[in-house]
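Below is one structure; the comments refer to it alone.
For reference, positions follow the sequence shown, starting with 1.
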Amino acid sequence: MLGGSFKKYLLFVLCFASVFTTAAQDCTVNREVDVFTRETRLSSGFIDLSGASVTVDADKKEVDILFSFKTNRCFDDGCSATLYFAGTKSKLLLRNAGTMNCEGLYHFIFRNAVSVNYQLRKLATAKISHIVFTDRDQKMVPVNLDESMQLKFMQAVDCVTKEAVKLLQ
């Protein structure tokens, strides 16, 4: 028979493992089916950041990370965003993939494929400390992410991209 202390240890390990399993499965992805095309569209819903909000959307063709600024900014295809990763000197430069607008909308668009794009995988696995957007007038717009924002953003990108790959099957 098992000793009392071993049983307690085993119970502790099982409880601890269940906490991590529950946290890892906390993916809430909104699904919507278009009534005309019958295609499924996935969305993380909006996540509030400092000065902006972000949503991660996906369909069979693409994964779209949309930033919506609280103040109107003009962006076109010549605008860029520099993402700085927490704890490293690593950064990533991404161009606006959306249409020209003055409503403060900025898109990172990635092709949905069976193998996840390197840049998209990096966004899902590495914490971003801040992002500096450059608008059409060459004005820099910083967006800082605190610890909770970093985790929510990473989880949203991770969950939506995992579900988006399933749409291809």
Side-chain angles (χ1 to χ4, degrees), residues 18-70 73 75-77 79-88 90-101 103-134 141-169:
S18 69
V19 168
F20 279 108
T21 304
T22 305
Q25 294 174 348
D26 190 25
C27 279
T28 52
V29 177
N30 303 321
R31 290 179 171 273
E32 183 179 298
V33 177
D34 186 291
V35 291
F36 298 109
T37 64
R38 299 193 188 267
E39 288 191 16
T40 302
R41 184 112 179 117
L42 307 171
S43 178
S44 66
F46 278 95
I47 300 166
D48 284 325
L49 305 175
S50 62
S53 57
V54 63
T55 183
V56 183
D57 299 328
D59 59 21
K60 251 179 152 172
K61 298 175 193 143
E62 63 190 22
V63 176
D64 180 4
I65 301 174
L66 168 67
F67 290 86
S68 176
F69 287 87
K70 294 177 179 162
R73 299 275 179 188
F75 295 108
D76 59 23
D77 60 356
C79 297
S80 64
T82 306
L83 294 83
Y84 295 87
F85 295 96
T88 68
S90 178
K91 60 185 176 180
L92 179 64
L93 179 73
L94 295 172
R95 294 233 176 253
N96 180 27
T99 58
M100 197 289 282
N101 71 84
E103 289 85 40
L105 302 176
Y106 193 103
H107 295 265
F108 301 153
I109 297 178
F110 303 93
R111 198 175 120 245
N112 189 8
V114 176
S115 61
V116 178
N117 174 299
Y118 167 78
Q119 295 169 328
L120 193 55
R121 191 171 346 123
K122 178 116 177 153
L123 296 177
T125 57
K127 293 180 181 177
I128 298 170
S129 62
H130 63 285
I131 306 170
V132 178
F133 294 89
T134 305
V141 185
V143 174
N144 297 314
L145 285 77
D146 64 24
E147 184 74 23
S148 67
M149 292 173 190
Q150 292 170 357
L151 295 174
K152 285 179 187 176
F153 180 71
M154 283 174 40
Q155 183 180 26
V157 173
D158 186 47
C159 291
V160 172
T161 54
K162 284 180 181 174
E163 290 298 313
V165 170
K166 294 177 186 176
L167 294 175
L168 299 172
Q169 299 170 353

> His130 pairs by ring pair (Phe, Tyr, Trp, His ring centres under 6.0 Å) with which of Phe153, Tyr84, Phe85?
Replying inline: Tyr84
>> If the condition is side-chain contact (heavy atoms from CB on, under 4.5 Å), which residues does Glu147 pass it with, not counting sequence neighbours?
In response: Lys127, Gln150, Leu151
> Sequence neighbours excluded, which residues qualify as salt bridge (Lys or Arg N to Asp or Glu O under 4.0 Å) partners of Arg31?
Replying inline: Glu163
> In terms of side-chain heavy atoms, does Asn101 have a donor or acceptor partner in Thr99 at a distance below 3.5 Å?
Replying inline: no
> Taking the side chain as C-beta and beyond, is there a heavy-atom pair between Asn30 and Thr28 under 4.5 Å?
Replying inline: no
> Taking side chain as C-beta onward, heavy atoms only, is Leu42 less than 4.5 Å from Leu167?
Replying inline: yes
> Under the 3.5 angstrom rule, does the side chain of Ser50 hit a backbone N or O of Asn144 as a donor-acceptor pair?
Replying inline: yes
>> Once salt bridge (Lys or Arg N to Asp or Glu O under 4.0 Å) is applied, do any residues pair with Lys162, and if so which ones, sequence neighbours excluded?
In response: Asp158
> Can you list the residues that meet the salt bridge (Lys or Arg N to Asp or Glu O under 4.0 Å) rule with Asp57, with sequence neighbours excluded?
Replying inline: none
> Taking the six-membered ring for Trp, are Phe67 and Tyr106 parallel (under 30°), tilted (30 to 60°) or perpendicular (over 60°)?
Replying inline: perpendicular
>> Counting C-beta onward and ignoring hydrogens, is there a side-chain heavy-atom pair between Asp59 and Thr40 closer than 4.5 Å?
In response: no
> Please walk me through it: do Ile65 and Leu123 pass side-chain contact (heavy atoms from CB on, under 4.5 Å)?
Replying inline: CA-CA 10 Å; Ile65 301 174; Leu123 296 177; 3.7 Å; yes
>> For a quick test of reading the model, state the closest non-hydrogen atom pair linking Gly45 to Thr55 and the distance between them.
In response: O-OG1, 3.3 Å
> So, do Phe69 and Val141 sit near enough that their side-chain heavy atoms are less than 4.5 Å apart?
Replying inline: yes
>> Using every non-hydrogen atom in the two residues, find where Val157 and Ala124 come nearest and quote the distance to one decimal.
In response: CG1-CB, 3.7 Å
>> Taking Arg95's backbone N and O only, do any of them form a donor-acceptor pair with Ser80's side chain (distance below 3.5 Å, no angle check)?
In response: no
>> Considering only residues two or more places apart or on different chains, which pairs with a residue in residues 112-121 satisfy side-chain hydrogen bond (donor to acceptor under 3.5 Å, both in side chains)?
In response: none
> Of all heavy-atom pairs between Ala81 and Ile131, which one has the smallest distance, and what is that distance?
Replying inline: CB-CG2, 4.1 Å
> Partners of Asp64 by salt bridge (Lys or Arg N to Asp or Glu O under 4.0 Å), sequence neighbours excluded?
Replying inline: none
> Does any N or O in the side chain of Ser68 come within less than 3.5 Å of the main-chain N or O of Leu105, such that one atom is a donor and the other an acceptor?
Replying inline: no
>> Heavy-atom count check: over 12 atoms from other residues, nucleotides or ligands less than 6.0 Å from Lys61 NZ?
In response: no
> Would you find a donor on one side and an acceptor on the other, under 3.5 Å apart, between the side chain of Asn96 and the backbone of Asp76?
Replying inline: yes
> Going by heavy atoms in the side chains, are Cys79 and Arg73 under 4.5 Å from each other?
Replying inline: no
